[in-house]
Amino acid sequence: MTLFPQAGTRAAKLTVLGIGVAFMATACGGSSTPTASESTTAAAAGIACPAPEGGGGAAASQTAETGSIPPSTGTTDTPLRIGSLLPTTGSLAFLGPPEIAGVNLGIEEVNKAGGVLGKPVEVIHRDSGDTKTDIATQSTSALLGQGVSAVIGAASSGVSKTVINQITGAGVIQFSPANTSPDFTTWDDKGLYWRTAPSDVLQGKVLGNYMATCGAQTVGMIVLNDAYGTGLAKNIKSAFESAGGQVVAEELFNEGDTQFSSQVDKVIAAKPDAIALITFDQAKSIVPLMTGKGVKPTQMFLVDGNTSDYSKDFQAGTLKGARGTIPGTFAQEDFKKKLLAIDPALKDYSYAGESYDAVNLIALAAESAKSTKGVDIAAKLKEVSEGGEKCTSYAACVTLLREGKDVDYDGQSGPVTFSDAGDPTEAYIGIYEYQDDNKYKAIKEEFGKL
């Protein structure tokens, strides 16, 4: 759903969509296409995903810092000021704490390393709400009024669509750690929109193929009717059908809806082997409706918008065996410890790495540009993500920059290499499995390139 006309595009963006997606053909082991021996429907026989392979470990580790960091080779009268537009209310509020913790950890480490251009980086946090409210517009106006050079957020693609023109039109960077809608690849953003989360082209490919390798031949989908939900559903469907499967039901609902019985009944009536829930926190209402009608948790497949801790929401075992996907690498233990030091109440870590990386990349680009102006920083973001000497922390990277070297930042979200469109050109998709306590456990990572 496009809320604003796109008057023009960066020509280079168009090349991204033509490259295609490359990832491991055996998404989670075995053939990606159901074999003839699987002709009996999985709904009757029960689908069984391949056994977990254990944790990941693909995320960049923090390298130990040695020696002193050289002083900045540039100065600024205006300190780098970063705003965050992340959800503390609304249907994606569960993503707010890890994203905000990632931002705060990044700010803390940047300032411990001497800040940017000789001054500490400042951060201002504001709530994004969701698309049912006008909170994001009000928060954006407040951030712009306080002179931020970059806004980290929003988490929701739908919310970002309501403020992207407002932010980029002011000459300020919008840097989302969680937007996955493919629409942003060709948005007329004046080169000021960037993200560390990969497009849903990749997550959709991985999940569609994964359901097929789990033995599903037919899939039903319950889909949030917004840019995020319909975009992800389109890519899941394409991948699943390419693997030989069939989508037998696709039921939509709107943000703000509270009744989902009609959608659940129609999907179940189609007797799919598996059901993909492409929702936000509406899953809290939808899952009990499905289990109450006999749907097994092993038939359920969740996505980044709803793969969360449900230990306080459902009875033990409700989701045991359900699977979910979240873009990004598995959060490493040392990174988790640092996040918990920032926010001891954290339960989820989704997009914390992407938020942390956004801070580091903005700070490095500002240092490289010797400027805290949004347009100058944006001009250096791609440069600090590729081609130079590998480094995985602000301290290590800024040391190299100040020694006159080129840097290639790889972060907690994985290797970060930007296209001209501001999209990551390669990324990991984590696959998770729910345990008896309705918490999810990392089981596998898929690496893909756009």
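- In this structure, Phe314 and Tyr310 have parallel ring planes: the angle between them is below the 30° cut-off, well short of the 60° mark.
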Give the C-alpha distance, both sets of side-chain angles, the deciding distance and a yes or no for side-chain contact (heavy atoms from CB on, under 4.5 Å) between Glu445 and Ile431.
-> CA-CA 6 Å; Glu445 287 178 332; Ile431 299 175; over 6 Å; no
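- Between Asp127 and Thr88, the side chains place a donor N or O and an acceptor N or O closer than 3.5 Å (distance only, hydrogens not considered).
- Residues satisfying the side-chain contact (heavy atoms from CB on, under 4.5 Å) test with Ser139, not counting sequence neighbours, are Leu85, Arg126, Ile135.
- Looking at residues two or more places apart in sequence or on another chain, you find no side chain to side chain donor-acceptor pair (under 3.5 Å) involving Tyr434.
- Partners of Tyr432 according to the ring-ring contact (aromatic ring centres under 6.0 Å, His included) rule, which considers only residues two or more places apart in sequence or in another chain, are Phe330, Tyr440.
- Side chain of Thr329 to backbone of Gln412: a donor-acceptor contact under 3.5 angstrom is found.
- Electrostatic pairing of Glu109 and Lys338 counts as a salt bridge here, judged by a charged N lying under 4.0 Å from a carboxylate O.
- Residue pairs meeting the salt bridge (charged side-chain N to carboxylate O under 4.0 Å, His left out) criterion with at least one partner in residues 374-385, sequence neighbours excluded, are Lys380-Glu383, Lys382-Glu386, Lys382-Asp420.
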List, one per line, each side-chain donor-acceptor pair under 3.5 Å for residues 174-181, sequence neighbours excluded.
from	atom 1	to	atom 2	distance (Å)
Gln174	NE2	Gly153	O	3.1
Gln174	NE2	Ser160	OG	3.1
Ser176	OG	Ala154	O	2.7
Ser176	OG	Ala178	N	3.1
Ser176	OG	Asn179	N	2.8
Ser176	OG	Asn179	OD1	3.3
Ser176	OG	Asn179	ND2	3.3
Asn179	OD1	Ser160	OG	2.6
Asn179	OD1	Tyr193	OH	2.8
Asn179	ND2	Ala154	O	3.0
Asn179	ND2	Ala155	O	3.2
Asn179	ND2	Ser156	O	3.2
Asn179	ND2	Ser160	OG	3.4
Thr180	OG1	Asp200	OD1	2.9
Thr180	OG1	Asp200	OD2	2.8
Ser181	OG	Asp183	N	3.2

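- Side-chain polar atoms of Asp348 and Ser308 form a donor-acceptor pair below 3.5 angstrom.
- In summary, the aromatic rings of Phe335 and Tyr356 are positioned with their centroids under 6.0 Å apart.
- For Asp304, the side chain to side chain donor-acceptor pair (under 3.5 Å) partners are Gln203, Tyr228, Tyr351, not counting sequence neighbours.
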